Protein chains: 2
Amino acid sequence: MIALDGYDLRLLAALQTDGRLTNQELAERVHLSASQCSRRRQALEEAGVIRRYRAEIDGERLGLGVTAFVNVQLSRHSEHNARRFRDVIADCDEVLEAHALTGDMDYLIKIAVRDLKSFADFVNTVLLAHETVAHVTSRIVIETLKSGGALPLRAGSGG
Amino acid sequence: MIALDGYDLRLLAALQTDGRLTNQELAERVHLSASQCSRRRQALEEAGVIRRYRAEIDGERLGLGVTAFVNVQLSRHSEHNARRFRDVIADCDEVLEAHALTGDMDYLIKIAVRDLKSFADFVNTVLLAHETVAHVTSRIVIETLKSGGALPLRAGSGG
DNA sequence: GTCGATCATGCATGAAACGTGCATAATCTA
DNA sequence: TAGATTATGCACGTTTCATGCATGATCGAC
């Protein structure tokens with residue numbers, strides 16, 4: 001874990017909210033010069049702290065009316081099955097995230113699709129049709145209270 | 001839902017992967033001029049299709065060793081309780097996402113914390129300590145197979 | 001099909017932003 | 001304290017952005 005000072009944390013906070021801030025805008029938020037912000041941003045990128053920048057897209061404007069979380073249990077716990085399931089997940093762009101979890105179900109995946117019909121199709125033709133998958137439990141998102149996945153940053157005091 | 005042509009979809013795909021691509025780089029990927037990419041990107045932003053750009057940060061480099069999904073059931077279904085729960089969620093930067101779901105549990109929240117101890121603290125002192133919360137089920141992420149939340153884009157044919 | 005209106009596009013270009021050399025200040029270590 | 005190292009802001013050449021303009025493409029009415 002690399003050492004991050006207060007300036008770094010503030011840069012991260014700013015860029016986590018708006019990844020396209022100019023160096024000058026960062027400078028105003030962080031109270032360093034634009035060139036120093038540029039250097040530090042680059043260092044954070046090179047160190048892998050900032051992995052990448054992404055455009056956050058509004059799924060509804062794309063016609064994606066249904067987001068759901070699906071719990072998946074594999075038929076047999078083996079490295080082979082896990083790898084095959086992993087490949088299925090990687091191939092489906094409907095799958096936004098996928099995590100292996102502790103507990104009775106093996107994986108939790110988050111998917112986004114056009115409507116309930118395509119959701120059912122996805123579950124039946126992609127998940128349940130796959131021989132590694134034994135059991136599936138689905139829950140539809142009816143409301144999103146918080147999104148974006150911004151990580152907590154230690155309360156910085158730098159300045 | 002606004003009309004997106006093949007060029008728009010390709011721009012979105014490119015920017016969903018790298019939100020800091022220059023207009024020239026976009027031009028090369030999409031086969032339009034840089035100025036047209038600039039205009040279309042602006043239009044997508046103004047239309048709200050692109051909501052924002054975010055830096056994606058590596059939580060582990062921040063010392064966040066535990067990601068977990070927590071199912072939360074409220075003690076009583078009322079608008080008052082829902083609003084109060086919503087406020088709690090909004091106030092905690094450990095909470096990355098929160099969704100109200102169909103099914104037996106009311107909410108699914110995703111959190112990131114330093115370690116298991118801080119996870120237990122969060123559950124006990126934030127969630128369970130809150131009078132609106134009746135029941136909590138937690139599952140720790142042991143591996144992430146896919147992340148970033150990139151939305152599926154219709155296969156575009158523009159060009 | 002023709003014509004005029006409208007929209008999309010690339011080119012050109014002035015303004016804005018970037019990134020880095022350099023000199024200086026700040027910090028660290030013996 | 002002194003020297004070495006690191007962080008910083010300034011200056012500036014290069015890159016990028018955004019927009020006016022002319023032109024091409026598309027649309028709709030006749």
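Letters A, B, ... are given to chains in the order of the sequence lines, protein chains preceding strands, and every chain is numbered from 1. Keep in mind that this is a model prediction, so the values were computed, not measured.
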Chi angles and distances behind the side chain to side chain donor-acceptor pair (under 3.5 Å) call for B:S78, B:H80: CA-CA 5 Å; B:S78 68; B:H80 180 61; over 6 Å; no

Round to a whole Å and report the spacing from [atom1] of [X] to [atom2] of [N].
X: A:L32; N: C:dG19; atom1: CG; atom2: C1'; result: 16 Å
X: B:L11; N: C:dT9; atom1: CG; atom2: P; result: 10 Å
X: A:Y7; N: D:dT8; atom1: OH; atom2: P; result: 7 Å
X: A:L21; N: D:dT16; atom1: CG; atom2: C1'; result: 17 Å
X: A:H31; N: D:dT8; atom1: NE2; atom2: P; result: 14 Å

Using the salt bridge (charged side-chain N to carboxylate O under 4.0 Å, His left out) criterion, which residues pair with [X]? Sequence neighbours excluded.
X: B:R40; answer: B:D5, B:D8
X: B:R139; answer: none
X: A:E45; answer: A:R41
X: B:D18; answer: none

Using only atom types and a distance under 3.5 Å, with no angle test, would you say the side chain of B:R52 pairs donor to acceptor with the backbone of A:T17?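 Checked: pair present.
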
Which residues pass the side-chain hydrogen bond (donor to acceptor under 3.5 Å, both in side chains) test with B:S118, sequence neighbours left out?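 Testing B:S118 for side-chain hydrogen bond (donor to acceptor under 3.5 Å, both in side chains), a comparison that skips the adjacent residues, returns B:D115.
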
Restricting both atoms to N or O, compile the protein contacts to nucleotides 11-15 of chain D shorter than 3.5 Å, with distance only.
none

Identify the two heavy atoms, one from B:L153 and one from B:Q16, that lie closest to each other, and give their separation to 0.1 Å.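 Closest approach of B:L153 to B:Q16: CD1-NE2, 3.9 Å.
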
Residue met sooner reading DNA chain D from 5', once A:R20 and A:A34 are mapped to nucleotides: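 Looking at the nearest nucleotide for each, A:A34 comes out on the 5' side.
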
Show me the pairs that pass salt bridge (Lys or Arg N to Asp or Glu O under 4.0 Å) and involve residues 68-86 of chain B, at least two apart or across chains.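 Passing the test, one end in residues 68-86 of chain B: A:E143-B:R86, B:E79-B:R83, B:R84-B:E131.
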
Any salt bridge (Lys or Arg N to Asp or Glu O under 4.0 Å) pairs touching residues 29-39 of chain A, not counting sequence neighbours?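 Counting only pairs at least two positions apart or across chains, no salt bridge (Lys or Arg N to Asp or Glu O under 4.0 Å) contact touches residues 29-39 of chain A.
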
If hydrophobic clusters are built by linking Ile, Leu, Val, Met, Phe, Trp and Tyr wherever their side-chain heavy atoms come under 4.5 Å apart, do A:L12 and A:Y7 end up in the same one?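 Both belong to a single hydrophobic cluster.
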
Using five base pairs at each end to define the local axes, how bent is the helix from C:dG1-D:dC30 to C:dA30-D:dT1, to the nearest 10°?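 Helix axis angle between the two ends: 50°.
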
Clusters formed by hydrophobic residues whose side-chain heavy atoms approach within less than 4.5 Å: which one holds B:V88, and what are its other members?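 Its cluster partners, ordered by chain and number, are A:L145, B:V66, B:V70, B:V72, B:L74, B:F85, B:I89, B:V95, B:Y107, B:I109, B:I111, B:V113, B:L116, B:F119, B:F122, B:V123, B:V126, B:L127, B:L128, B:V133, B:V136, B:I140.
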
Looking at A:K146 and B:E97, does any basic side-chain N land under 4.0 Å from a carboxylate oxygen?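 Between B:E97 and A:K146 there is no salt bridge, as every charged N stays at least 4.0 Å from the carboxylate O atoms.
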
By nearest nucleotide on DNA chain C, pick out whichever of B:S33 and A:Q24 is the more 5' one.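 With B:S33 and A:Q24 compared, the 5'-side residue is B:S33.
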
If you compare every side-chain N and O of B:N23 against the phosphate oxygens of D:dT16 (OP1, OP2), does one of them come in below 4.0 Å?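 Checking B:N23 against D:dT16: no side-chain N or O falls below 4.0 Å of OP1 or OP2.
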
At a heavy-atom distance below 4.0 Å, what parts of residues 48-56 of chain A sit against DNA chain D?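 Listed by number, there are none.
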
Specify the residues of residues 36-47 of chain A, ordered by number, for which at least one heavy atom lies under 4.0 angstrom from an atom of DNA chain C.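 Going residue by residue through residues 36-47 of chain A, the ones with a heavy atom under 4.0 Å of DNA chain C turn out to be A:S38, A:R39, A:R41, A:Q42.
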
